[in-house]
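Below: the structure, in structure tokens.
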2 protein chains.
Amino acid sequence: MKNNNKKKSLNPADWELATLDVIAHQGVSAVAVENIAKALGVTKGSFYWHFTNRKDLIVAALKRWQKDDRAVIKEKIWSLPDAHERLKAWFLLSAEPLQSHLIYATLLADRQHDFVAKVLKEVTLERLAYLQKSYQGIGYDEATSKQQALLSYSVYVGYLHMAKTLHGKFKDTENIENYAKYVASQLIHEPEQ
Amino acid sequence: MKNNNKKKSLNPADWELATLDVIAHQGVSAVAVENIAKALGVTKGSFYWHFTNRKDLIVAALKRWQKDDRAVIKEKIWSLPDAHERLKAWFLLSAEPLQSHLIYATLLADRQHDFVAKVLKEVTLERLAYLQKSYQGIGYDEATSKQQALLSYSVYVGYLHMAKTLHGKFKDTENIENYAKYVASQLIHEPEQ
DNA sequence: GTTTGTCAATACGCAAGCGTATGGAAAATT
DNA sequence: AATTTTCCATACGCTTGCGTATTGACAAAC
């Protein structure tokens with residue numbers, strides 16, 4: 001787990017990335033400065049040089065996650081010109097095993113911290129707006145596109161949890177891919193008038 | 001927050017119900033014996049007479065929740081003879097503001113504890129089996145009913161989180177009811193052959 | 001080569017929360 | 001009425017984890 005690179009010293013980005021690793025697999029409440037320090041091969045004497053406290057670290061890490069995540073979505077989805085294709089891409093991206101998904105799922109869990117709730121709400125609203133626009137792009141009216149976006153996004157969030165809860169019954173890639181295609185077939189279609 | 005009843009002394013059930021209250025609103029990790037004792041108007045000297053330790057309490061509370069929840073579903077859904085009606089009842093029940101839903105949602109969050117994961121998996125598999133059976137009842141074949149059940153259940157789980165994440169934009173009853181009906185209309189229909 | 005700035009180690013204080021030990025009061029039993 | 005059971009209070013020890021204070025090592029600047 002130690003940092004074997006040639007780097008002489010750490011910078012805040014190193015701490016933030018290590019923190020995101022912990023958040024992805026154990027949640028925000030598992031972020032302990034002394035543990036992360038150990039994972040980076042130093043002690044917390046170093047930590048308090050880079051950050052003022054634990055919360056400062058977590059907020060910085062989440063800000064980094066939010067920024068990176070936005071970039072990925074922009075590149076992989078919003079680059080597509082056709083709304084129908086965008087929606088399909090969205091569902092496929094949802095099924096990919098990205099760290100970003102894990103982080104989103106654990107944030108849902110650690111919502112009791114207000115700074116987590118804030119990021120979560122921002123990201124969720126942004127993604128919902130994207131989805132809604134895409135559904136409008138394939139012919140849904142404003143109100144219906146809103147509900148359909150919410151429905152689709154709920155499936156995404158639900159899937160994240162189901163995958164964790166039922167891991168083992170859900171792991172093999174083929175099943176996941178099949179399921180993703182099924183979901184897309186059910187949730188992407190012209191609006192019923 | 002004190003117990004104003006005429007009861008002279010507490011029994012394990014009192015502790016379990018108080019614990020479920022905490023779990024519903026703050027999650028498993030927020031269960032602190034001294035706090036729950038205070039909520040019940042006693043000190044932890046009492047607690048360790050009824051239970052051996054904190055984990056014992058949580059496990060007992062979750063067992064109670066599981067049992068009660070099963071009973072509610074049995075009564076409100078499985079009493080219905082028609083599969084189509086059962087599915088509709090499921091989606092409507094999902095949108096009702098029950099403590100049981102809150103608990104389920106927080107359990108998803110506190111899955112890192114193995115005893116939580118165990119209950120969660122049991123409950124989820126049981127509910128999925130119910131849903132699958134209902135979808136088979138309206139004509140889905142085995143494989144498709146499985147995927148459709150998973151999809152529908154994901155919507156449920158996703159909704160629980162969305163409701164918390166976007167509270168305020170989601171609170172008024174009318175919207176929720178509308179949305180529930182929309183979801184039902186999208187997810188309950190004869191299978192496409 | 002001396003000084004300054006950067007990054008990290010060690011040691012400490014402190015609060016929260018679990019579990020234990022012990023004693024006491026009230027109710028039930030005999 | 002005496003005794004046993006049931007339920008609870010108080011006090012203590014122990015661990016975890018945050019944050020601070022102090023010192024040190026190495027590199028860059030001068």
Side-chain angles (χ1 to χ4, degrees), chain A residues 1-62 106 109-110 112-116, chain B residues 1-62 106 109-110 112-116:
Chain A
M1 203 52 80
K2 222 176 148 186
N3 186 1
N4 281 329
N5 295 350
K6 298 257 154 82
K7 288 189 55 180
K8 341 117 227 251
S9 62
L10 300 173
N11 56 37
D14 296 317
W15 288 91
E16 293 163 13
L17 291 176
T19 301
L20 287 178
D21 266 349
V22 174
I23 293 178
H25 295 100
Q26 301 162 264
V28 171
S29 32
V31 173
V33 292
E34 271 153 310
N35 288 346
I36 296 184
K38 193 187 289 181
L40 289 172
V42 295
T43 67
K44 66 178 174 173
S46 167
F47 171 78
Y48 285 99
W49 196 90
H50 294 289
F51 298 88
T52 70
N53 57 30
R54 177 177 175 272
K55 178 177 170 181
D56 185 24
L57 169 66
I58 298 176
V59 169
L62 292 184
T106 65
D110 292 292
Q112 57 265 29
H113 311 282
D114 51 351
F115 52 96
V116 172
Chain B
M1 201 51 80
K2 224 178 149 188
N3 186 1
N4 281 328
N5 296 350
K6 297 258 156 78
K7 289 188 51 178
K8 342 120 226 255
S9 62
L10 300 173
N11 55 38
D14 296 317
W15 288 91
E16 292 163 13
L17 291 176
T19 301
L20 287 178
D21 266 349
V22 174
I23 292 179
H25 295 100
Q26 301 162 265
V28 172
S29 33
V31 172
V33 291
E34 272 152 310
N35 287 346
I36 296 183
K38 194 187 289 183
L40 289 172
V42 295
T43 68
K44 66 176 173 175
S46 167
F47 171 78
Y48 285 97
W49 195 91
H50 294 289
F51 298 89
T52 71
N53 56 31
R54 175 176 176 273
K55 178 178 171 180
D56 186 24
L57 169 67
I58 298 175
V59 169
L62 292 184
T106 64
D110 292 292
Q112 56 265 31
H113 311 282
D114 50 351
F115 53 95
V116 172

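Within every chain, numbering begins at 1; the chains are lettered A, B, ... in the order of the sequence lines, protein sequences first and strands thereafter. Values below: all heavy atoms of this structure, side chains included; hydrogens, waters and symmetry mates excluded.
The listed nucleotides are C:dA8, C:dC18, C:dC12; the one nearest the side chain of B:Arg54 is C:dC18. Closest to the side chain of B:Glu34, out of C:dT10, D:dC7, C:dG17, is C:dG17. Of all nucleotides listed (C:dA9, C:dC7, C:dC12), C:dC12 comes nearest to the side chain of A:Lys44. Proximity note for B:Ala32 (side chain, C-beta onward) versus D:dC18, D:dC7, C:dG17: the nearest is C:dG17. For B:Tyr48, the listed nucleotide lying nearest its side chain is C:dG19; candidates were C:dG19, D:dC8, D:dG19. Taking every side-chain heavy atom of A:Trp49 into account, C:dT6 is the closest of D:dC8, C:dT6, C:dC12. Distance from the side chain of A:Ser46 is smallest to C:dA8 among C:dA8, D:dC7, C:dG19.
Look at CZ on A:Phe51: it is 15 Å from P on D:dT20, rounded to the nearest Å. Counting to the nearest Å, the C1' atom of D:dG19 and the CG atom of A:Leu57 are 14 Å from each other. Spacing between atom NZ of A:Lys55 and atom C1' of D:dG17 amounts to 18 Å, rounded to whole angstrom units. The CH2 atom of B:Trp15 sits 11 Å away from the P atom of C:dC18 (whole-angstrom rounding). One can place NZ of B:Lys38 at 17 Å from C1' of D:dC8, the figure rounded to the nearest angstrom. Rounded to whole angstrom, the span from the CG atom of A:Asn53 across to the C1' atom of D:dG17 amounts to 14 Å. If you measure from atom CG of A:Leu10 to atom C1' of D:dA27, you get 16 Å, rounded to the nearest angstrom.
B:His50 has a side-chain polar atom (N or O) that falls below the 4.0 Å cut-off from OP1 or OP2 of D:dC8.
Judged by distance alone, with hydrogens and angles left aside, the side-chain atoms of B:Asp21 form no donor-acceptor pair with the main-chain N or O of B:Ala24 at under 3.5 Å. The backbone N or O of B:Asp14 lies less than 3.5 Å from a partner atom in the side chain of B:Asn11, making a donor-acceptor pair.
When each of A:Asn35 and A:Gly45 is assigned the nucleotide of DNA chain D bearing its nearest heavy atom, the one mapping closer to the 5' terminus is A:Asn35.
Residues B:Val28 and B:His113 come closest through the heavy atom pair CG1-CD2, 4.2 Å. The minimum heavy-atom distance between A:Gly27 and A:Thr106, with the atom names listed, is CA-CB, 4.0 Å.
The only member of A:Asp56, A:Ile58, A:Thr19 that meets side-chain contact (heavy atoms from CB on, under 4.5 Å) when paired with A:Phe51 is A:Asp56.
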